[in-house]
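FYI, side chains are in, hydrogens and waters are out, and symmetry mates aren't considered; it's all heavy atoms of this structure.
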Amino acid sequence: MANVISKDMVQRVLFLTLFLGILGEATAAVVQDSTAYLSIQGRIVNIRTGNPVIFANVYLAGSNIGTVSNSDGEFIIKIPLLIENKTLVISNIGYRNTELSMDELDPEHNLIKLEPIPIPIEEVTIIHKNARELLNAAVAKIPDNFSRDPVMVTSFYRESIKQNRKYVAVSEAVLDGYKASYTHITDMDRVKIYKGRKSTAVRKMDTIVLKLQGGPQSMFQMDLVKNPAELLEREMMEFYRYEVHGVVSIDDRQAYVISFDQLPEIDVPLYTGKYYIGVDNLAFMGAEFWLNEERIDNASQYMVTRKPPGLRVDIEKANYLVNYRFSNGKWYLAYVRSELIIGIKWKKKLFKSRYTSLSEMAVTNIDPENITRYKFRETTRRSDIFIDQVTDFEDSDFWGEYNIIQPEESIQTAIKRIGRKLKRN
């Protein structure tokens, strides 16, 4: 078995990289009126272990108002005061839904405990008892489960950076994408910005400007089924151990849960996580993974492409989520989320700043007919810095009355607000 992994291989599997420099021009702060909203903050944990539940859905019942918990299980949701009969719903794969009325919640410091509800694995027929065999079988079934033909996709993308708890950069865009066949590995996904904008309603950064490289292209790169080299290629699988952890229900479908973790003798930062594989068809339904906490101290040397002298950068957390959805007999990429938490400290200063970057993309439309294979010069690249590009695609007429970015609302809520603009085929 291979036991050596090169620096090039590590850099290939780290989806987003960071560009840091000295801040030149400060961004003016804009104060937004929040008097018409009730703000609720809290933290979601596993009732048995006390561990944070990341990427849990938090939404107002009967509405499109919602958000998602972060790497620490924390969330903030703003609810219009005009809405009556407010019930907050918290849900996540493998957990029992929890519903809370506003009377049970405080504006801050709410601790919400979710109860795990895995289905005992004995209740389903096990096709492959060995986790590695089950995973290999799912990879072999990709041509049957995923589209053999290219399709065009419309997506909504958002990218934000917070310094401590204050937003310092927010940008978003509608994307046009050529989604290549899942069976032709050499045919690459291609994505270009259709319309974009960035918010000026943020506070200035202290001294440092932090920007993400990769942007929309990295979101498509996180499609692990299309790009198995990142985690599912046989060569990469040799660096991991796998275990079957039972079955959960996802959208009324049963899915095997296969956990994975890098082998202890591998001393570079790789991933820990879970795959969700359909019981009935062995389709990849989703994956959640994060940089291994025991090796994350070494991650900055691979993820930071540029920084000023005298600045220490620590990658504290890096969490990722990929979901697929079933449509017209095949599975397609549906949602991608990446969250990085970075500690930054000057050599001669006592305290450090904590930055949180969040990138997420939701596919809103799939067109199997009007195929346009974009030229690479028209598309985004992993080396691009999205926030520097997006001003070239601004169009106030396109956004219309929704001309203010609301970074604390979920991406699904933003999509519903501009839904008509996304159906352009």
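- A donor-acceptor pair under 3.5 Å is absent between the side-chain atoms of Ser147 and the main chain of Ser181, judged by distance alone.
- In this structure the side chain of Leu231 reaches within 4.5 angstrom of the side chain of Tyr275, judged on heavy atoms.
- For the side chain to side chain contact (heavy atoms under 4.5 Å, CB included) criterion with Val322, the lone passing option out of Phe284, Tyr335, Phe289 is Phe289.
- Summarising the geometry, atom CG belonging to Leu282 is positioned 6.0 Å from atom CG belonging to Leu134; distances are rounded to the nearest 0.5 Å.
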Give the C-alpha distance, both sets of side-chain angles, the deciding distance and a yes or no for side-chain contact (heavy atoms from CB on, under 4.5 Å) between Ile90 and Ile112.
CA-CA 9 Å; Ile90 300 93; Ile112 299 170; 4.0 Å; yes
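- The backbone N or O of Glu316 lies less than 3.5 Å from no partner atom in the side chain of Arg354, so there is not a single donor-acceptor pair.
- With values rounded to the nearest 0.5 angstrom, Tyr332 atom OH is found 6.0 Å from Ile366 atom CD1.
- Here Glu378 does not pair with Arg373 in a salt bridge; the nearest charged N to carboxylate O distance is not below 4.0 Å.
- Aromatic rings of Phe326 and Trp331 (six-membered ring for Trp) have centroids within the 6.0 Å cut-off, being under it.
- Distance alone, capped at 3.5 Å, is enough to place a donor-acceptor pair between the Gln262 side chain and the Val268 backbone.
- Residue Tyr324 comes nearest to Leu224 through the heavy atom pair OH-N, 3.2 Å, listed as atom of the first residue, atom of the second, then distance.
- The closest side-chain heavy-atom distance from Phe386 to Ser359 is not below 4.5 Å.
- Here the closest heavy-atom approach between residue Gln254 and residue Met285 is recorded as O-SD, 4.3 Å.
- Geometrically, Lys162 engages Tyr167 in a cation-pi contact, judged by NZ or CZ lying under 6.0 Å from the ring centre and within 45° of the ring axis.
- With respect to the salt-bridge test (charged N to carboxylate O, under 4.0 angstrom), the residues Asp314 and Lys345 do not qualify.
- More than 12 non-hydrogen atoms from other residues, nucleotides or ligands lie less than 6.0 angstrom from CE of Met237.
- Here the side chains of Asn365 and Val153 are not in contact, with every heavy-atom distance at 4.5 Å or above.
- Checked against the 6.0 Å centroid criterion, the rings of Tyr374 and Tyr178 do not qualify as a close aromatic pair.
- Surrounding CZ of Arg241 are more than 12 heavy atoms belonging to other residues, nucleotides or ligands, all under 6.0 Å away.
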Is there a side-chain contact (heavy atoms from CB on, under 4.5 Å) between Asn145 and Ile142 once you walk through the steps?
CA-CA 5 Å; Asn145 290 320; Ile142 288 174; over 6 Å; no
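- More than 12 heavy atoms of other residues, nucleotides or ligands shown are found within 6.0 angstrom of NZ on Lys192.
- Residues Asp367 and Val151 fail the side-chain proximity criterion, which asks for heavy atoms closer than 4.5 Å.
- To the nearest 0.5 Å, the span separating CD1 on Ile385 from CZ on Arg381 amounts to 11.0 Å.
- Residue Thr67 holds its OG1 atom at 8.5 Å from CD1 of Ile76, rounded to the nearest 0.5 Å.
- A donor-acceptor pair under 3.5 Å is absent between the side-chain atoms of Asn319 and the main chain of Glu288, judged by distance alone.
- Judged by the 6.0 Å distance and 45° axis criteria, Arg197 is not positioned over the aromatic ring of Phe398.
- Tyr240 and Tyr271 have their aromatic ring centers separated by at least 6.0 angstrom.
- Checked by atom type, the side-chain pair Tyr182/Asp223 shows a donor-acceptor distance below 3.5 Å.
- Looking at Lys274 and Ile258, their side chains never come closer than 4.5 Å, going by heavy atoms from C-beta outward.
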Could you check Met219 against Ser338 for side-chain contact (heavy atoms from CB on, under 4.5 Å), going step by step and ending with a plain yes or no?
CA-CA 8 Å; Met219 296 292 99; Ser338 168; 4.0 Å; yes
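- To the nearest 0.5 Å, atom OG of residue Ser353 and atom CD1 of residue Ile344 are 7.0 Å apart.
- Remark: Tyr276 engages no residue in a ring-ring contact (aromatic ring centres under 6.0 Å, His included) (not counting sequence neighbours).
- The two residues Gly286 and Asn323 make their nearest non-hydrogen contact at CA-OD1, 4.0 Å.
- Nearest heavy-atom pair, Thr380 versus Pro216, reported as atom, atom and distance to 0.1 Å: OG1-CB, 4.3 Å.
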Under the side-chain contact (heavy atoms from CB on, under 4.5 Å) rule, what do Thr154 and Leu175 come out as? Steps first, then yes or no, please.
CA-CA 6 Å; Thr154 303; Leu175 308 174; over 6 Å; no
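- Thr356 is not listed as a side-chain neighbour of Leu340, based on a closest heavy-atom distance of 4.5 Å or more.
- Between Arg96 and Glu115, at least one side-chain N (NZ, or NE/NH1/NH2) sits under 4.0 Å from a carboxylate O, which counts as a salt bridge.
- Under the 4.5 Å side-chain criterion, counting only non-hydrogen atoms from C-beta, Ile79 is in contact with Ile77.
- Between Tyr95 and Asn46, the side chains place a donor N or O and an acceptor N or O closer than 3.5 Å (distance only, hydrogens not considered).
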For residues 98-109, run the donor-acceptor check on the side chains, cut-off 3.5 Å, and write out each pair with its distance to 0.1 Å, sequence neighbours left out.
from	atom 1	to	atom 2	distance (Å)
Ser101	OG	Glu104	OE2	3.3
Glu104	OE2	Ser101	N	3.0

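- In this structure, the side chain of Gln217 does not engage the main chain of Gln221 through any donor-acceptor pair within 3.5 Å.
- Of all heavy-atom pairs between Ala299 and Pro269, the closest is CA-CG, 3.9 Å.
- Stacking of Arg43 on the aromatic ring of Phe75 is not recorded, the 6.0 Å distance cut-off and the 45° axial limit not both being met.
- Between Lys198 and Ile387, the shortest heavy-atom distance links the atoms NZ-O, 3.7 Å.
- Remark: Thr272 OG1 to Arg295 CZ distance equals 10.0 Å, nearest 0.5 Å.
- For the 3.5 Å distance criterion, the side chains of Glu172 and Tyr157 fail to qualify, holding no donor opposite an acceptor.
- Within the cation-pi definition used here (under 6.0 Å to the ring centroid, within 45° of the axis), Lys330 does not qualify as a partner of Phe146.
- At distances below 3.5 Å, not a single donor-acceptor pair connects side-chain atoms of Arg158 with backbone N or O atoms of Leu358.
- Counting only N and O atoms by type, the side chains of Asp261 and Asn292 include a donor and acceptor under 3.5 Å apart.
- With sequence neighbours excluded, the residues satisfying salt bridge (charged side-chain N to carboxylate O under 4.0 Å, His left out) with Lys317 are Asp72.
- A heavy-atom distance below 4.5 Å is found between the side chains of Met152 and Thr372.
- Between Asp189 and Lys179 there is a salt bridge, with a side-chain nitrogen of the basic residue lying less than 4.0 Å from a carboxylate oxygen of the acidic one.
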